[in-house]
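Below is one structure, written out as structure tokens; comments come after it.
One is the number of the first residue; the rest follow in order along the sequence.
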Amino acid sequence: AKSKFPDNFRLDYALSREQNNKKGGKMYIQDKVEEYADEVFNKLNNGAHIYFCGLKGMMPGIQDMLAEVCKSKGLDYEEWIKELKGKKQWHVEVY
């Protein structure tokens, strides 16, 4: 996908056992999403989809981070999520 659409694809890793976040703690997916928050929110505003897949225990940290980013952008988190879900742009597969 990256070779065919280089401007539409980013691959990055959040390796909690090998990387540290900007606060010096373990690196988790929410840290990477926060790192690219402006780009992620811009793409979502333009119709992109976001997918989260993994252990259900990761979602509270992701949702907390997204709520903080929304707050910093003057957005209401609950309304923002509702809109993404309504447009079928929000995808979560947890177990």
query: How would you list, by chain and number, every residue that makes a salt bridge (charged side-chain N to carboxylate O under 4.0 Å, His left out) with Lys71, sequence neighbours excluded?
result: none
message: Does Lys73 have more than 12 heavy atoms from other residues, nucleotides or ligands lying within 6.0 Å of its NZ?
response: yes
- line: Note: Glu79 and Asp76 closest approach over all heavy atoms is N-OD1, 2.8 Å
field: Shortest non-hydrogen contact from Asn21 toward Lys23
entry: OD1-N, 2.9 Å
message: Apply salt bridge (Lys or Arg N to Asp or Glu O under 4.0 Å) to residues Lys87 and Glu83 and explain how you reach the verdict.
response: CA-CA 6 Å; Lys87 293 179 179 178; Glu83 186 176 325; 3.1 Å; yes
- line: CZ of Arg17 to NZ of Lys26, rounded to nearest 0.5 Å, is 6.5 Å
query: In Å, rounded to the nearest 0.5 Å, how long is the span from CD of Gln89 to OH of Tyr51?
result: 10.0 Å
Under 3.5 Å donor-acceptor, Asn46 side chain and Lys43 backbone: no
statement: Nearest heavy-atom contact between Ala14 and Lys32 is CB-CG, 3.8 Å
field: Pairwise side-chain contact, Glu18 with Met27, heavy-atom cut-off 4.5 Å (strictly under)
entry: no
field: ILVMFWY clustering at 4.5 Å (side-chain atoms), partners of Leu84
entry: Ile29, Val33, Tyr36, Val40, Phe41, Leu44, Ile50, Phe52, Met58, Met59, Ile62, Met65, Leu66, Val69, Leu75, Tyr77, Trp80, Ile81, Trp90, Val92, Val94
query: Taking only residues two or more places apart in sequence or in another chain, which ones pass side chain to side chain contact (heavy atoms under 4.5 Å, CB included) with Glu93?
result: Cys53
Verdict with supporting geometry, Gln30 and Gln63, side chain to side chain contact (heavy atoms under 4.5 Å, CB included): CA-CA 8 Å; Gln30 59 264 32; Gln63 291 169 311; over 6 Å; no
